[in-house]
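Take a look at the structure below.
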Amino acid sequence: MDPGIAYSVLAAFVWGVYIFALKRYFPGYSGAVITVVVNVFAVLLYLPVTAVTYDPATVPSLAELGATGVLIVAGTAVLVGVAFILFVDALAAGDVSYVAPINKLVPVFVLPIEILFLNQFLTGLQVLGVAVATVAVYVANYEGGAFLDPLRRAVRSRPAQLALASAACYAASDVGKRVALQELGIPTSVFVPVLFTGAALAVLPVAARNWTSVRGDVPKFVAAGALVAVGEHVTSTAFGLVPASIASPIVNTQAIVAVVLGGVVLKESQFGLRLAAAVLAVAGVSLIALGDLSALAALVG
């Protein structure tokens, strides 16, 4: 298996468990507070990796990055913070088995961004993938009734709105990660703590306005920080090895892991339909990835 794909698969499992943990163990905390505290612990836990692997010769200077490069890195960190707040709010408003499949349609948003800014082009398989992913949203909202009722429900549903907005932000940040790690050449062990710190600082003003003490749940936040540190490292490694349109669909199969845990452990309703929606979401994003691979093969050929 290609190393980039292997790292993407591992990231999917780590993030799937993390999504479930957010719903199960952090009720009552705002997304901003969770972002700040978890990212602080994630940075502290990740710094030994940075210290061991740090090589000044491989790190581009600010002059080499230029204003555009610095803006891309900062913007990526801000987008990660905003996306996470929106996702936590979506989980607070709805079941994890409902929110996860919709939120993990990130590649549907990644694709047009790469087309517009990174000179990718749309293949037939990718068009099919977008259609299948759209069906996933339909299935997640299916409760009987008229044909268009599920789509109307998705439009009116607050959890769905938040999940889709989060997915759009994650998509933009995924492309930013690809540019930072590949085009700008920032090493993963340096980029990850910068991303954690930037995301925490970006949402700190929001968290400070409505701060909730976490003293009683420090062990939970440390464990969550460890999951985030591991998840972001393997995710960033994956994005450093393969295009975002390939890594992102695989990483986002975390939706199936989250749906299964939500249905089995939390006994959420409509488990079968939501598992089907998660599978369709994964199928859709996989077709998008296959379309990208077929395009790449045509270019190489």
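Throughout, residue positions are numbered sequentially from 1 according to the sequence presented. Basis for what follows: all heavy atoms, side chains included, without hydrogens, waters or symmetry-related copies.
- The backbone N or O of Leu79 sits nowhere less than 3.5 Å from a side-chain atom of Ser173 that would complete a donor-acceptor pair.
- In this structure, Leu71 is not a member of the same hydrophobic cluster as Val78, with clusters built from ILVMFWY side-chain heavy atoms closer than 4.5 Å.
- Residues Val52 and Val194 do not share a hydrophobic cluster, clusters being chains of Ile/Leu/Val/Met/Phe/Trp/Tyr side chains in contact below 4.5 Å.
- Rounding to the nearest 0.5 Å places CZ of Phe87 at 10.5 Å from CD1 of Ile34.
- Contact check for Leu184 versus Pro60: no side-chain heavy atoms found under the 4.5 Å cut-off.
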Side-chain donor/acceptor pairs under 3.5 Å, residues 254-261, sequence neighbours excluded:
| residue | atom | partner | partner atom | Å |
| --- | --- | --- | --- | --- |
| Gln254 | OE1 | Lys104 | NZ | 3.3 |
| Gln254 | NE2 | Val251 | O | 2.8 |

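- Heavy-atom minimum distance, Ala199 versus Thr35: O-CG2, 4.1 Å.
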Would Val38 and Phe84 count as a side chain to side chain contact (heavy atoms under 4.5 Å, CB included) here? Give the steps.
CA-CA 11 Å; Val38 168; Phe84 185 75; 5.9 Å; no
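- A donor-acceptor pair is defined here as one N or O able to donate and one able to accept, closer than 3.5 Å; such a pair exists between the side chain of Ser166 and the backbone of Ala83.
- Between the CG atom in Asp89 and the CD atom in Gln161 there is a gap of 12.5 Å [rounded to 0.5 Å].
- A pairwise comparison of heavy atoms in Cys169 and Val82 identifies SG-CG1, 4.0 Å as the closest pair.
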Please table the atom pairs, donor to acceptor, closer than 3.5 Å between any side-chain atom in residues 202-217 and protein atoms at least two apart or in another chain.
| residue | atom | partner | partner atom | Å |
| --- | --- | --- | --- | --- |
| Ser213 | OG | Arg215 | N | 3.4 |
| Asp217 | OD2 | Tyr29 | OH | 2.7 |

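- Not a single donor-acceptor pair under 3.5 Å links the side chain of Asn39 to the backbone N or O of Thr197.
- Rounding to the nearest 0.5 angstrom, the gap separating the OG atom in Ser189 from the CG atom in Leu47 is 10.5 Å.
- Taking all atoms of both residues into account, the shortest heavy-atom contact from Ala32 to Ile85 is N-CG1, 3.8 Å.
- Nearest approach of Val99 to Pro159, heavy atoms of both residues: CG2-CB, 4.1 Å.
- Note that CD1 of Ile186 and CZ of Phe191 are 6.5 Å apart. Values are rounded to the nearest 0.5 Å.
- Residues Val228 and Val192 share a hydrophobic cluster, clusters being chains of Ile/Leu/Val/Met/Phe/Trp/Tyr side chains in contact below 4.5 Å.
- With rounding to the nearest 0.5 Å, the separation of NZ in Lys177 from CD1 in Ile72 is 15.0 Å.
- Note: the hydrophobic cluster containing Leu162 does not contain Val80 (ILVMFWY, side chain heavy atoms under 4.5 Å, direct or indirect links).
- Not one N or O on the side chain of Lys23 forms a donor-acceptor pair closer than 3.5 Å with the backbone of Val96.
- For Thr235 (side chain) and Gly231 (main-chain N/O), a donor-acceptor pair under 3.5 Å exists by modelled atom type.
- A heavy-atom distance below 4.5 Å is not found between the side chains of Thr53 and Pro187.
- Here the side chain of Glu64 pairs a donor or acceptor atom with the backbone of Ser61 at under 3.5 angstrom.
- Evaluation of the ring-ring contact (aromatic ring centres under 6.0 Å, His included) rule for Tyr170 yields no partner, not counting sequence neighbours.
- In this structure, CG in Leu44 is found 7.5 Å from CZ in Phe41, a value given to the nearest 0.5 Å.
- Between Leu201 and Phe196, every side-chain heavy-atom pair lies at or beyond the 4.5 Å cut-off.
- Between Phe26 and Ala21, the closest heavy-atom pair is CD1-O, 3.5 Å.
- In this structure, Tyr46 is a member of the same hydrophobic cluster as Val14, with clusters built from ILVMFWY side-chain heavy atoms closer than 4.5 Å.
- Listed for the Thr58 side chain is a donor-acceptor partner under 3.5 Å among the backbone atoms of Asp55.
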